[in-house]
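Some notes on the structure that comes next.
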Amino acid sequence: MLTVYNSLTHEKEIFTPLIPNKIRMYVCGMTVYDYCHVGHARVMVVFDMITRYLRAIGYEVIYVRNITDIDDKIIQRAIENQEDMNQLTARFIQAMHEDADALGVMRPDHEPRATESIAEIIEIIQQLFHNGYAYQADNGDVYYAVNKFKDYGKLSGKKIDELRAGERVEVEQAKQDPLDFVLWKTAKPQEPAWDSPWGKGRPGWHIECSAMSTHCLGNHFDIHGGGQDLQFPHHENEIAQSEGATGEPFVNYWIHNGFVRVNEEKMSKSLGNFFTVREVLKAYPPEVLRYFILASHYRSPLNYSDQNLDTARQALTRLYTALRGLSATENLPEDNEYRQRFHQVMQDDFNTPEALAILFELAHEINKHRSTDFNQAQKLAGELRYLAAMLGLLQTDSENFLQGETEGLSAATIENMIQQRNAARTAKNWKESDRLRDELKAQGIVLEDGAQGTTWRKI
RNA sequence: GGCUGAAUGGCAGAAUGGCUAUGCAGCGGCCUGCAAAGCCGUGGAUGUCGGUUCGAUUCCGGCUUCAGCCUCCA
């Protein structure tokens with residue numbers, strides 16, 4: 001039985017899809033005017049984990065994650081760069097895909113782009129006009145009349161009156177109500193624009209998600225996800241738009257992941273305290289970043305620091321060390337205690353920290369058995385890889401992870417030095433053998449003398 | 001000011017009305033030429049004040065502190 005925390009009700013709920021065995025999920029993706037930072041990585045990894053897990057337990061999942069490729073910041077950045085807007089977005093879409101691939105994030109089934117969904121956007125705005133939720137102001141912009149939508153605030157727990165009381169936005173004169181938000185923006189000269197019944201312009205931010213999600217998944221679907229910061233106003237507005245246009249319930253389960261923090265402060269573009277994914281990947285293998293993200297529950301804050309990434313690397317090293325020398329192709333054991341517990345914790349709102357703890361217990365068992373009952377160790381290793389796959393972890397070869405790309409010393413050089421050292425050891429020339437070991441250590445290579453000979457790994 | 005959420009051992013991070021989280025770090029031992037890895041053992045925690053209870057870190061209330069949203073943000 002799968003339970004999921006629903007932001008709409010603030011409770012863990014038993015998950016029931018609208019269509020048996022089929023899950024339709026939409027996640028708000030990136031605005032592509034810059035490189036992805038760790039906060040974006042968290043969204044990608046978390047919903048990738050969720051998708052993998054849902055598929056692993058037998059659901060057919062249609063996963064949609066949009067790309068926002070038209071918005072104020074993109075236009076502004078293109079001007080700053082003196083770059084064609086489409087060229088700019090194409091560059092960062094490619095960079096995003098590279099980052100996602102590195103992190104083991106599978107591509108969504110659909111990746112709709114705002115600029116390719118203009119027809120759907122216009123259609124839904126027309127529907128909003130028809131239902132009395134939209135109006136065109138004197139300046140030509142089209143707005144959503146928030147006070148027409150009865151349930152406004154149901155996701156974020158905000159009340160319209162309180163929002164008004166706390167109003168501190170500069171009021172756009174054209175709006176009937178300060179809370180109204182734009183559906184269609186009239187184009188200024190030089191700005192990218194599309195034809196519409198309301199003149200040349202471009203879509204507001206919120207409407208694209210309503211248009212793309214319902215277009216890809218239907219008016220009413222199962223899961224809508226994104227970062228916590230989108231809960232208000234973005235997702236609140238999406239509900240108002242979608243339900244206002246279709247007259248149907250929009251989404252059953254809202255899933256929001258927590259923020260990444262730096263020194264107890266939200267990592268964000270506006271604060272400028274962000275680390276891009278590619279920056280982090282210069283210092284750490286991508287799987288370490290993925291592990292780091294999954295080592296906290298998706299709704300908890302995640303504190304970014306080198307120390308925490310170092311710990312993640314050590315933890316992952318322990319798992320890979322347990323798998324070392326054991327083939328992954330062995331037959332899986334029958335259903336067992338570990339697997340049952342793994343599913344139990346994962347089905348409790350995707351508790352990946354608990355799931356990882358179970359993987360460590362497996363690693364421990366493997367280590368205990370490997371010298372006494374190799375066959376059993378082999379089976380447990382198969383189980384470990386099988387369960388880790390549901391999290392998108394431990395999918396590479398142990399040696400690959402432990403030895404990695406050897407910068408500086410080549411594998412051949414290292415092997416050569418190991419041979420020299422072993423010759424010295426045979427001659428009981430400890431001074432020389434220790435010297436060679438220290439020399440390798442200075443290059444970041446650790447030697448381990450085992451029963452089957454000497455192995456090495458990177459620190 | 002309004003609304004969310006959080007406070008767990010040296011660090012990270014789960015869980016639970018009474019019972020081992022887990023990883024890293026520490027300590028003792030085994031293994032090793034010495035190490036490393038691994039194994040065995042071990043110390044150490046629930047912000048604060050009340051309440052409910054036989055018993056609360058866990059439930060309820062107050063307080064303090066922190067983060068977030070209320071403006072673009074994953």
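Naming convention: chains lettered A, B, ... in sequence-line order (proteins, then strands); numbering from 1 in each chain. Computation of the quantities below employed the complete heavy-atom set of this structure, encompassing side-chain atoms and omitting hydrogens, waters and symmetry-equivalent molecules. Just so you know, these numbers come straight off a predicted model, no measurement behind them.
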Whether A:Trp430 stacks on the six-membered ring of B:G33 base, 5.5 Å and 30° limits: yes

What verdict does the side-chain hydrogen bond (donor to acceptor under 3.5 Å, both in side chains) test give for A:Gln94 and A:Glu98, after you've listed the backbone C-alpha separation in whole Å, the side-chain angles of each residue and the deciding distance to 0.1 Å? CA-CA 6 Å; A:Gln94 196 193 331; A:Glu98 286 167 7; 3.0 Å; yes

With a non-hydrogen cut-off below 4.0 angstrom, is A:Gly39 in contact with a base, only sugar-phosphate, or nothing? base

I'd like to know if A:Lys12 and A:Asp349 make a salt bridge, using a cut-off of under 4.0 Å between side-chain N and carboxylate O. no

Give a yes/no on whether any side-chain N or O of A:Gln314 is located under 4.0 angstrom from OP1 or OP2 of B:A25. yes

Ionic contact status for A:Asp434 with A:Arg437, cut-off 4.0 Å: yes

If only atom types and distance count, is the side chain of A:Tyr144 paired as donor or acceptor with the main-chain N or O of A:Ala240 below 3.5 Å? yes

Rounding to an integer number of angstrom, what distance separates B:G9 and B:U42 when you compare their C1' atoms? 14 Å

I'd like the P distance from B:C11 over to B:A25, given in whole Å. 16 Å

Closest approach to the side chain of A:Ala357, judged atom by atom: which nucleotide of B:G33, B:A21, B:C39 is it? B:A21

For the pair A:Asp310 and A:Arg313, find out whether any cationic side-chain nitrogen is under 4.0 Å from an anionic carboxylate oxygen. yes

Can a donor-acceptor pair under 3.5 Å be found between the side-chain atoms of A:Asp434 and the base atoms of B:G33? yes

By the 4.0 Å heavy-atom rule, please label A:Met44 as base, sugar-phosphate, or nothing. nothing

Look at the side-chain N and O atoms of A:Arg318 and state whether any lies under 4.0 Å from the OP1 or OP2 oxygen of B:G38. yes

Over all strands shown, is A:Gly450 touching base, sugar-phosphate only, or nothing at heavy-atom distances under 4.0 angstrom? nothing

Mind checking if A:Ser270 touches a base, just sugar-phosphate, or nothing, with heavy atoms under 4.0 Å? base

Given RNA chain B, 5'-ward residue of the pair A:Ala315 and A:Lys266, judged by closest heavy atom: A:Ala315

From the candidates B:C72, B:A36, B:C34, the one with an atom nearest any side-chain atom of A:Val446 is B:A36

With a 3.5 Å distance limit and no angle check, can you tell me whether A:Arg385 reaches the backbone of A:Thr396 through a side-chain donor-acceptor pair? yes

Of the candidate nucleotides B:C70, B:A35, B:A74, which contains the atom at the shortest distance from the side chain of A:Met30? B:A74

On RNA chain B, check which nucleotide each of A:Lys269 and A:Asn367 is closest to and give me the residue with the more 5' one. A:Asn367

Hey, does the side-chain of A:Lys73 have a donor or acceptor N/O within less than 3.5 Å of a partner on the base of B:C72? yes

Mind checking the C1' distance from B:U32 to B:A36? Whole angstroms is fine. 9 Å

Among the nucleotides B:C72, B:A35, B:C3, which one has an atom lying closest to any side-chain atom of A:Asp449? B:A35

Determine the contact category for A:Arg421: base if any of its heavy atoms lies under 4.0 Å from a base atom, sugar-phosphate if only primed atoms, P, OP1 or OP2 are that close, otherwise nothing. base

Hey, is A:Arg290 close enough to A:Glu287 for a salt bridge, meaning N to O under 4.0 Å? no

Name the closest nucleotide to the A:Phe360 side chain, picking from B:G68, B:G23, B:C40. B:G23

Give the ring-plane orientation class for A:Phe15 versus A:Tyr253, where under 30° counts as parallel, over 60° as perpendicular and anything between as tilted. tilted

Using the C1' atom as the reference point in each nucleotide, state the distance between B:U53 and B:C60 in Å, no decimals. 12 Å

Using the C1' atom on both, measure B:C19 against B:A74 and round to a whole Å. 40 Å

Look at the side chain of A:Leu230 and decide which nucleotide, out of B:A74, B:C34, B:A15, has an atom nearest to it. B:A74

Centre of A:Phe47's six-membered ring, under 6.0 Å away, within 45 degrees of the axis: is that where NZ or CZ of A:Arg65 sits? no

C1' spacing across the pair B:A6 / B:U48, given as an integer number of angstrom: 15 Å

By the 4.0 Å heavy-atom rule, please label A:His364 as base, sugar-phosphate, or nothing. sugar-phosphate

Provide the distance between the two P atoms, one in B:U22 and one in B:U16, to the nearest whole Å. 16 Å

NA contact type, A:Arg457, heavy-atom cut-off 4.0 Å: base, sugar-phosphate, or nothing? sugar-phosphate

Hey, does A:Phe232 reach any base, or is it just sugar-phosphate, or nothing, if we go heavy atoms under 4.0 Å? sugar-phosphate

Side chain of A:Glu448: nearest nucleotide among B:C3, B:C72, B:A37? B:A37

If you only use heavy atoms from C-beta on, which nucleotide in B:G33, B:C40, B:G2 is closest to the side chain of A:Arg437? B:G33

Nucleotide-resolved protein contact map, nucleotides 5-13 of chain B, B/S/- at heavy-atom distance under 4.0 Å: S-----SSS

Work out how far the C1' atom of B:C70 is from that of B:U58, and round it to whole angstrom. 32 Å

Minimum-distance nucleotide (side-chain atoms of A:Asn257 versus B:C40, B:A74, B:C72): B:A74

